[in-house]
Amino acid sequence: MRVPLTGGPIDRSYDVIVGYGAIGELESLVPAGTRRIAVVTQEGIPSDWSLAAFDVQTHLVGRGESSKTLATIETLSRGFARQGITRQDLIVGVGGGMVTDIAGFAAASWHRGTPVIHVATTMLGMVDAAIGGKTGVNLPEGKNLVGAYWQPNGVVCDLNALGTLPPRETRSGLGEMAKYSFLAGDDLLPMDLEQRIARCVEIKAEVVASDEREGDRRALLNYGHTLAHALEIASGYELAHGEAVAIGLVYAAELALELGRIDQARVDEHRRVVAEEYDLMTDLPAGLDIDDLVRLMRRDKKALTGLTFVLEGTDGVEVVNDVDESAVRATLARFANE
Ligand SMILES: NC(=O)c1ccc[n+]([C@@H]2O[C@H](COP(=O)([O-])OP(=O)(O)OC[C@H]3O[C@@H](n4cnc5c(N)ncnc54)[C@H](O)[C@@H]3O)[C@@H](O)[C@H]2O)c1
Ligand SMILES: [Zn+2]
């Protein structure tokens, strides 16, 4: 599958290879003229890639968000320097979204921009993080605050990698898939996993191609995410990202109902898809404070003013700014009591 990113000043389309055993195609994506390859990955990630024709070194980064830092970028860059990586060489990120965000950002800044290929090994990485060119690291002040847009030269999604994925990570990917079913209005259920992942890649790529740098169109990818981000923080990250997104999707439907944008049948459809098709929770976890959630939603990075949600209406989903706080609260209260 080729991801079209032709909207910008230059054509930066790239191939995304999805399938069981897709890793076998990695070498075919390496740009002509590459001599050295820096593989960025983590301990415990499947390493069944082969790049025998090149001078390859593996650079390990730590696990967990606490390693997604500028210090890690510095360590990696010093490793690239020792390996002699130049702008004519290649960086390959092999891992979940954390690794591809780090490898992508390191590539964007190494010699002011070096080609990168992502080998996504988590479901969330395949359908979301590895596609679209957003890269970056965290600061103590917040997640993903430092970064760059840097499109990969290609992406590999080998479904064999998913065999070793912990269940919590699988649920994270499923939450994003549920999001895509609503965004595209597609029924992904009859598809097998391979087709479904390919379809999600296509949906994300289509949105990104129309809006690389987060205007309103790309912001639609945040469907379900305003409450999800607040829930992740309020639960001390006990909820996996996709679990929080699942609840956020149902909440966004309930809020749209509260605002008279959609009807009850559409809310029921959200619950059905999230619970039955993706086997994810649709209820607000007990014991969360509504004031806390509202405060956290106001701080959402993407909320430029007031409370911003992506909401369905008669013409599909759209970004809605300055949503009335009393509607947000009333819906949370109703949601909490269901
Ligand atoms: N750039 C974007 O557009 C974008 C979009 C969404 C999320 N993200 C970022 O992605 C990150 C989350 O990504 P994630 O959910 O993939 O988590 P992750 O990359 O932290 O991976 C989760 C865990 O699974 C392990 N793992 C990865 N692949 C494995 C495999 N095949 N088998 C066994 N273990 C494996 C990892 O080592 C890690 O411990 C966050 O940092 C988030 O900010 C970026
Ligand atoms: Zn998400």
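Not measured: the values here are computed from a predicted model. First listed ligand is number 1; within each ligand, the first listed atom is number 1. Throughout, residue positions are numbered sequentially from 1 according to the sequence presented.
- Residue-level proximity to ligand 1 for Ser172 is absent, since no heavy atom of it falls below 4.0 angstrom.
- At a cut-off of 3.5 Å, with distance as the only test, no side-chain donor of Glu254 or His270 sits close to an acceptor on the other residue.
- When Gly97, Ala161, Gly62 are ranked by how near their heavy atoms come to atom 14 (P) of ligand 1, first place goes to Gly97.
- Of all the listed residues (Lys143, Glu169, Met126, Lys134), Glu169 holds the heavy atom that lies closest to atom 24 (O) of ligand 1.
- Contact annotation: for Leu124 versus ligand 1, heavy atoms closer than 4.0 Å belong to the side chain alone.
- Nearest protein heavy-atom contact of atom 21 (O) of ligand 1 is Thr122 CG2, 3.9 Å.
- Nearest heavy atom pair, residue Arg218 against residue Gly132, reads NH1-O, 3.1 Å.
- One distance of note links CD of Gln151 with OH of Tyr14; it measures 4.5 Å at 0.5 Å rounding.
- The CG atom of Asp279 sits 11.5 Å away from atom OG1 of Thr170, with the distance rounded to the nearest 0.5 Å.
- Contact annotation for Thr135 and ligand 1: no heavy atom of the residue comes within less than 4.0 Å of the ligand.
- Contact atoms of ligand 1 toward Glu65: 40 (C), 41 (O) (distance under 4.0 Å to a heavy atom of the residue).
- Closest to atom 20 (O) of ligand 1, if we only count protein heavy atoms, is Met98 CB, 3.6 Å.
- The ring-ring contact (aromatic ring centres under 6.0 Å, His included) test with Trp110 is passed by exactly one of Trp150, Phe80, Phe105: Phe80.
- For the Zn ion (ligand 2), the count of nearby protein N, O or S atoms, meaning those under 2.8 Å away, is 3.
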Practice problem: Evaluate side-chain hydrogen bond (donor to acceptor under 3.5 Å, both in side chains) for Asn321 paired with Thr308, printing each intermediate quantity in order. | Solution: CA-CA 4 Å; Asn321 292 309; Thr308 297; 3.0 Å; yes
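- Taking NE2 of His59 as the reference point, atom OG1 of Thr75 lies at 11.5 Å (rounded to 0.5 Å).
- One finds the CZ atom of Arg171 at 13.5 Å from the CG atom of Leu124 (value rounded to the nearest 0.5 Å).
- Using a 4.0 Å cut-off between heavy atoms, Thr121 contacts ligand 1 through both its backbone and its side chain.
- When all heavy atoms are compared, the tightest approach of Glu27 to Leu51 is OE1-CA, 3.8 Å.
- The shortest heavy-atom contact between Leu188 and Cys200 is CD1-SG, 4.0 Å.
- Rounding to the nearest 0.5 Å places CG of Asn138 at 7.5 Å from CG of Leu145.
- Neither the backbone nor the side chain of Thr100 comes within contact range of ligand 1; no heavy atom lies under 4.0 Å.
- Interface atoms of ligand 1 facing Gly96, defined by a heavy-atom separation under 4.0 Å, are 16 (O), 19 (O).
- Of all heavy-atom pairs between Leu231 and Leu284, the closest is CD2-CD1, 3.9 Å.
- Among protein heavy atoms, atom 34 (N) of ligand 1 sits closest to Pro166 CD, 4.0 Å.
- Given atom 33 (C) of ligand 1, the protein heavy atom at minimum distance is Thr164 O, 3.2 Å.
- Per-residue contacts place Asp101 under 4.0 angstrom from the following atoms of ligand 1 (heavy atoms of the residue considered): 1 (N), 2 (C), 8 (N), 9 (C), 43 (O), 44 (C).
- Near Gln42, meaning under 4.0 Å from one of its heavy atoms, ligand 1 places the atoms 36 (C), 37 (O), 38 (C).
- In terms of protein heavy-atom proximity, atom 25 (C) of ligand 1 is nearest to Arg63 NH2, 3.8 Å.
- Counting atoms of ligand 1 from 1 in the listed order, those under 4.0 Å from a heavy atom of Asp128 are 5 (C), 6 (C).
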Exercise. Evaluate the criterion side-chain contact (heavy atoms from CB on, under 4.5 Å) for residue pair Leu174 and Glu277; output intermediate values, then yes/no.
Key: CA-CA 9 Å; Leu174 292 176; Glu277 292 191 15; over 6 Å; no
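- In this structure, the separation between CZ on Arg298 and CD on Glu325 is 4.5 Å, given to the nearest 0.5 Å.
- Less than 4.0 angstrom separates some heavy atom of Pro46 from each of these atoms of ligand 1: 30 (C), 31 (N), 32 (N).
- The only option from Lys179, Glu232, His241 that meets the side-chain hydrogen bond (donor to acceptor under 3.5 Å, both in side chains) definition with His225 turns out to be His241.
- The atoms of ligand 1 that sit less than 4.0 Å from any heavy atom of Lys204 are 3 (O).
- Of all the heavy atoms of His225, none lies under 4.0 Å from any atom of ligand 1, so neither backbone nor side chain is involved.
- In this structure, Thr34 and Arg36 approach most closely via the heavy-atom pair CG2-O, 3.5 Å.
- With hydrogens left out, the protein atom closest to atom 29 (C) of ligand 1 is Leu165 CD1, 3.6 Å, a heavy atom.
- Close approach of ligand 1 to Lys68 (heavy-atom distance below 4.0 Å) involves ligand atoms 9 (C), 40 (C), 41 (O), 42 (C), 43 (O).
- Under a hydrophobic clustering in which Ile, Leu, Val, Met, Phe, Trp and Tyr are joined whenever their side-chain heavy atoms come within less than 4.5 Å, directly or via other members, Leu60 and Trp49 fall into different clusters.
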